[in-house]
Amino acid sequence: MNLQQLRQLQPYLWSLPRASGEQRAEVLLYGTAPLLASMDDKVLEQIANVAALPGLVGAAMTMPDAHWGYGFPIGGVAAFDAEQGGVISAGGVGFDISCGIRCLRSNLDLSDAAAHFTRLADTLFHAIPAGVGEEGELKLNPAQLDQVLQDGAHWAVQHGYGNAADLEYVEEQGRVTGAVPNYVSELAKKRQRGEMGTLGSGNHYLEVQVVERIYDNAAALAFGLHPGQIVISIHCGSRGLGHQIGTDYLLMLAKAASRLGIHLPNRELACAPIKSPEGRQYLGAMNAAINCALANRQILTYLTRSACAQVYPHAELETLFDVSHNTCKVETHEIDGKPRLLHVHRKGATRAFGPGHAMLPERYRAAGQPVVIGGSMGTGSYILAGASGNPAFSSASHGAGRAMSRHQALARWHGRELINELAQQGILIRTRSMRGAAEEAPGAYKDVDLVAEATEQAGLARRVAFLRPKVCVKG
DNA sequence: ATGTAC
């Protein structure tokens, strides 16, 4: 991205000046000059298009890890007011609805766990169904699947996959309201019937990590983290169901936009007013997909505990937090001193409520919401805490963010060689797809350290802990 | 992201 076209407002905040006569809201980009310079120009084009959509409140924004996506950039945040013609967009949520990270803290330390990492890697790889189209043990009938779409992680816990304490530390306590299974197509449901409790592919992973550095002692204490501790992070989403909903509604919302005369700068931005029939239906289907993803990560938590218990009989894994980064959520935010109900699209962006927020579990209320920046398989991840006065509708970065396309990565790396190199660095990778491994080469991602630092400096969240990967099951 | 692609 050419920085000449931007105006630097603060060390970590930039804006895109409007051309004369241009009808769009403000565009704000969070990040450092090097991070922004490494982004594709498409990011700027896409977020400027978002800023032209009806009913946008405040600015259309990108997080420090942004890269270009379908319609909206990944790392994009945009809030809309339903009462002012605000829209909802499937491209603003993403195809992998409610993709997110479940983070589990353990009672294991690197010093005693490391001796069995090879067996742990093999056991997890055997226990966790992963890969495109891969199905799990669970086969649900239509009535059971509808129940999952209503009850989210609660369904999983009721059926023995975890405990009540897990639910307390899942965003929305494990279930969102407003899910309408009837608005989900039969095809979407059919695709999901065998995919509960599966990891998927692409950038999804299950990673065993060690807490290597603590930045904020008080927040680390609240989150139950200390140096040398083993933590497990599960990154996945709503699998075939969410993807099919995205596909179905892209068409429906495009038709609605055309019917209602909404000008779309690009057809990938297909959207409809939140109050229109199509907008309401997408919201109902999307909320069902959020519950599907929350249930999926809950079942994977159970499978992870079972696998760990085979290797470390005394292992205990508690849910630290579970947070989505592909959603549209109805939230109250203060605008010009007045609370307003907004539909906040976060696509590749994490919700990051600051200290004192009423929706946080009591244990974390003083520290702020746990925020996970998931890194690439070779580098590392960060746990942060929501900051007071977050300027981006309580949002923060979600990962390292790609710096290179999958195609470019395939041309540069070979999966097998990469896995051997990582093994020499003490990182054990298990995958069914060598091509996938090459596409996910750490070098194809931005520097996660720079993303986390910029996230903190921009006032989006505060760093709490750095996690180093040790074992990674890739999709 | 995805029973991977107009």
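Naming: A, B, ... by sequence-line order, numbering from 1 per chain.
Between Q244(A) atom CD and dT4(B) atom C1' the separation is 14 Å, expressed in whole Å. Going from atom CZ of R435(A) over to atom P of dT4(B) covers 11 Å, rounded to whole Å. Following rounding to the nearest Å, L199(A) (CG) and dT2(B) (C1') show an atom-to-atom distance of 14 Å. Here dA5(B) presents its C1' atom at 14 Å from CG of L410(A), a figure rounded to the nearest Å. One atom, CG of D96(A), and another, P of dT4(B), lie 16 Å apart when rounded to the nearest Å. Between L241(A) atom CG and dT2(B) atom P the separation is 12 Å, expressed in whole Å. We find that OH of Y70(A) is positioned 12 Å from P of dA5(B), with the value rounded to whole Å. The NE2 atom of H407(A) sits 13 Å away from the C1' atom of dA5(B) (whole-angstrom rounding).
Between T247(A) and the phosphate of dT2(B), there is no side-chain N or O to OP1/OP2 separation shorter than 4.0 Å.
At a threshold of 4.0 angstrom between heavy atoms, the contacts of E195(A) are confined to the sugar-phosphate backbone, with no base atom among them. Using a 4.0 Å heavy-atom distance criterion, G237(A) is classed as making no nucleic acid contact. No engagement by G246(A) is indicated, since no non-hydrogen atom pair under 4.0 Å with the nucleic acid exists. Contacts of R406(A) with the nucleic acid, taken as non-hydrogen atoms under 4.0 Å apart, involve only primed sugar atoms and P, OP1 or OP2. Counting non-hydrogen atoms under 4.0 angstrom, L187(A) reaches a base of the nucleic acid.
Under the 6.0 Å distance and 45° angle rule, R351(A) does not count as a cation-pi partner of F393(A).
Salt bridge annotation for R193(A)-E135(A): absent, with no cationic side-chain nitrogen under 4.0 angstrom from a carboxylate oxygen.
Ring geometry, Y382(A) versus F466(A): the interplanar angle falls from 30° to 60°, so the pair is classed tilted. The aromatic rings of Y169(A) and Y364(A) are tilted relative to each other, their planes meeting at an angle between 30° and 60°.
Nearest-nucleotide positions on DNA chain B place F95(A) closer to the 5' end than the other of V132(A) and F95(A).
For the 3.5 Å distance criterion, the side chains of S201(A) and R239(A) fail to qualify, holding no donor opposite an acceptor.
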